Student: 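Have a look at this one.
Just so we're on the same page: letters track the sequence lines, and every chain starts at 1. Predicted model only: the values in this text are computed from it and were never measured.
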Protein chains: 2
Amino acid sequence: MAAAAQVVHRQGAERTTIADIARAADVPVGNVYYYFKTKDELVKAALAEHAHQLELLTGELDRLGDPRERLKRLVETWVSQRDVAVRYGCPTGTLASELDKRDEGGLDEEAGRVIRLLVDWVAGQFAQLGQPDPEGLALTLVGAYQGMSLLANALRDPTVMTRQGERLLGWLGSLPDPLATDGPPAGDSPPGEGR
Amino acid sequence: MAAAAQVVHRQGAERTTIADIARAADVPVGNVYYYFKTKDELVKAALAEHAHQLELLTGELDRLGDPRERLKRLVETWVSQRDVAVRYGCPTGTLASELDKRDEGGLDEEAGRVIRLLVDWVAGQFAQLGQPDPEGLALTLVGAYQGMSLLANALRDPTVMTRQGERLLGWLGSLPDPLATDGPPAGDSPPGEGR
DNA sequence: GTCTATAATTTGATAGAC
DNA sequence: GTCTATCAAATTATAGAC
């Protein structure tokens with residue numbers, strides 16, 4: 001699964017052959033088919049791998065006390081991974097973009113679900129910050145990330161990531177803090193998913 | 001070329017076969033090879049077609065007197081084409097994303113050039129507005145477009161385009177006007193939600 | 001479970017009649 | 001210039017020995 005995720009990210013789903021993944025995992029092709037009946041199942045496994053990495057990241061960020069700090073750290077993580085973004089784009093975004101051009105197999109919806117995972121988590125942070133329209137703000141932040149990744153990749157320019165990352169950090173810093181003065185402190189929104 | 005541009009946009013470059021394009025153009029496959037020696041040349045033609053459409057659009061917008069108005073119309077054009085973005089994403093952006101995963105043929109740089117065409121034109125408008133760092137603002141605006149297109153596509157939600165488009169229009173409207181005789185423009189603020 | 005060999009299909013590209 | 005027929009290579013998937 002790790003080999004599938006990496007090779008598919010670098011070459012794209014369509015260009016990647018089973019032999020490519022088998023070689024990366026250092027196993028014969030026949031062995032791959034023992035665990036994954038079709039190529040689509042391998043792509044689905046790559047998506048699941050990316051979803052897993054995302055959960056590891058948000059799980060780590062959740063240990064920070066301040067939602068604003070979590071979002072800032074998220075942006076900093078994106079910027080710190082700029083070299084891979086410049087070369088291959090966002091793993092989930094580029095894969096979603098490719099899979100969305102299919103109309104068979106339903107792999108496109110699978111990709112959408114992984115993206116929604118991130119959008120929902122970000123929206124949760126904005127909600128905890130007491131912001132109106134947290135979903136809209138989440139779409140803005142995640143959209144900015146997808147956009148700067150695509151541009152950095154297409155223009156082969158890592159400074160796109162650093163410059164736009166700075167801008168996003170400034171924006172997050174300018175958001176009003178509900179904990180600052182009056183108003184209900186914590187417990188503003190339920191800790192679980194509200195969807 | 002028009003058939004190539006449309007089919008490649010809908011199916012992606014890798015998934016599109018010469019037969020697909022030939023069928024869309026209503027000619028036999030052998031005929032296609034008379035004009036385009038390889039499949040890569042067909043993809044390059046599709047890119048050129050998108051670049052041509054972009055030049056038609058900016059040429060039209062250039063006839064407007066106010067640079068700010070040009071940018072607003074650009075955003076409105078993007079939003080008006082939301083249905084195609086929801087289904088297939090931005091033609092140039094998705095193609096660039098796909099081609100950037102290749103390391104042969106140099107088609108990736110070709111895609112980057114088309115994106116740069118748009119970024120440079122937008123930067124020119126910001127420069128005419130007297131904005132500092134017009135290139136950075138252009139990357140922000142074009143990045144926002146690429147990001148909202150990708151999210152609208154992945155989430156199959158046209159309201160992403162309308163909502164984020166509204167936000168961009170508000171941001172453009174808040175920019176200081178250099179033609180107004182009074183005070184120096186204030187520092188730029190990132191495209192956050194108006195408060 | 002692992003691996004080699006191979007079947008079955010698709011597809012980029014060409015030959016050659018018209 | 002247009003079109004049909006076809007080749008050669010690549011690739012998904014399977015069969016079957018170990």
Side-chain angles (χ1 to χ4, degrees), chain A residues 1-50 88 91 94-111, chain B residues 1-50 88 91 94-111:
Chain A
M1 283 180 68
Q6 180 167 29
V7 177
V8 165
H9 180 206
R10 286 159 114 113
Q11 305 188 346
E14 221 62 51
R15 277 211 142 204
T16 296
T17 68
I18 312 288
D20 289 335
I21 296 175
R23 196 178 323 117
D26 203 39
V27 293
V29 277
N31 203 346
V32 173
Y33 275 103
Y34 181 78
Y35 291 95
F36 304 92
K37 293 194 213 309
T38 67
K39 184 182 175 181
D40 273 15
E41 278 194 27
L42 259 176
V43 175
K44 186 151 56 174
L47 264 174
E49 183 71 14
H50 290 307
Y88 307 108
T94 57
L95 190 48
S97 172
E98 194 181 355
L99 296 179
D100 275 326
K101 292 187 183 306
R102 300 186 178 186
D103 31 26
E104 322 166 357
L107 269 179
D108 52 340
E109 298 169 17
E110 201 86 10
Chain B
M1 284 179 68
Q6 180 166 31
V7 177
V8 166
H9 179 207
R10 286 156 111 110
Q11 304 188 349
E14 221 61 53
R15 274 209 145 208
T16 296
T17 69
I18 312 287
D20 289 335
I21 296 175
R23 196 179 321 118
D26 203 36
V27 293
V29 277
N31 203 346
V32 173
Y33 275 103
Y34 180 79
Y35 291 96
F36 305 92
K37 294 193 214 309
T38 66
K39 184 181 176 182
D40 273 15
E41 279 196 27
L42 259 175
V43 175
K44 186 150 57 174
L47 264 175
E49 183 72 15
H50 289 308
Y88 307 109
T94 56
L95 191 47
S97 173
E98 194 180 355
L99 296 179
D100 275 325
K101 292 186 184 303
R102 299 186 178 187
D103 33 23
E104 322 167 2
L107 269 180
D108 52 339
E109 297 169 17
E110 202 86 11

Student: Rounded to the Å, how far apart are Arg23(B) CZ and dT4(D) P?
Tutor: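 Taking CZ of Arg23(B) and P of dT4(D), I get 14 Å after rounding.
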Student: With heavy atoms under 4.0 Å as the rule, sort Tyr35(B) into base, sugar-phosphate or nothing.
Tutor: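 Sugar-phosphate, no base atom in range.
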Student: Among the candidates dG12(C), dA5(D), dT12(D), find the nucleotide nearest to the side-chain atoms of Lys39(A).
Tutor: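 Nearest to the side-chain atoms of Lys39(A), counting from C-beta on, is dT12(D).
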Student: When you get a sec, tell me which of dT4(C), dG1(C), dT12(D) is the closest nucleotide to the side chain of Tyr34(A)?
Tutor: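 Of the candidates, dG1(C) comes closest.
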Student: Measure across Gln11(A) and Thr16(A) and return the closest heavy-atom pair with its distance rounded to 0.1 Å.
Tutor: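 Heavy atoms only, the tightest pair is CB-OG1, 3.4 Å.
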Student: Provide the closest heavy-atom pair for Glu14(A) versus Lys39(A) in the form atom of the first, atom of the second, distance.
Tutor: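 Nearest pair, atom of Glu14(A) first, then Lys39(A): O-NZ, 3.5 Å.
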Student: Rounded to the nearest Å, what distance is computed from the CD atom of residue Gln11(B) to the C1' atom of nucleotide dT11(C)?
Tutor: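 In whole Å, dT11(C) C1' and Gln11(B) CD are 14 Å from each other.
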Student: Nearest to the Val27(B) side chain among dT11(D), dC3(D), dT11(C), which nucleotide is it?
Tutor: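 Minimum distance to the Val27(B) side chain belongs to dC3(D).
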Student: Among dG12(C), dT4(D), dA13(D), which nucleotide sits nearest the side chain of Pro28(B)?
Tutor: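 Of the options given, the side chain of Pro28(B) lies nearest dT4(D).
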Student: Return the value, rounded to whole Å, for the distance between atom CZ of Arg15(A) and atom P of dT12(D).
Tutor: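 Arg15(A) atom CZ is separated from dT12(D) atom P by 13 Å.
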Student: Return the value, rounded to whole Å, for the distance between atom CZ of Phe36(B) and atom P of dG1(D).
Tutor: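 Nearest whole value for this atom pair: 12 Å.
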Student: Considering only dT2(C), dT2(D), dC3(D), which nucleotide approaches the side chain of Asn31(A) most closely?
Tutor: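 Between dT2(C), dT2(D), dC3(D), the one nearest the side chain of Asn31(A) would be dT2(C).
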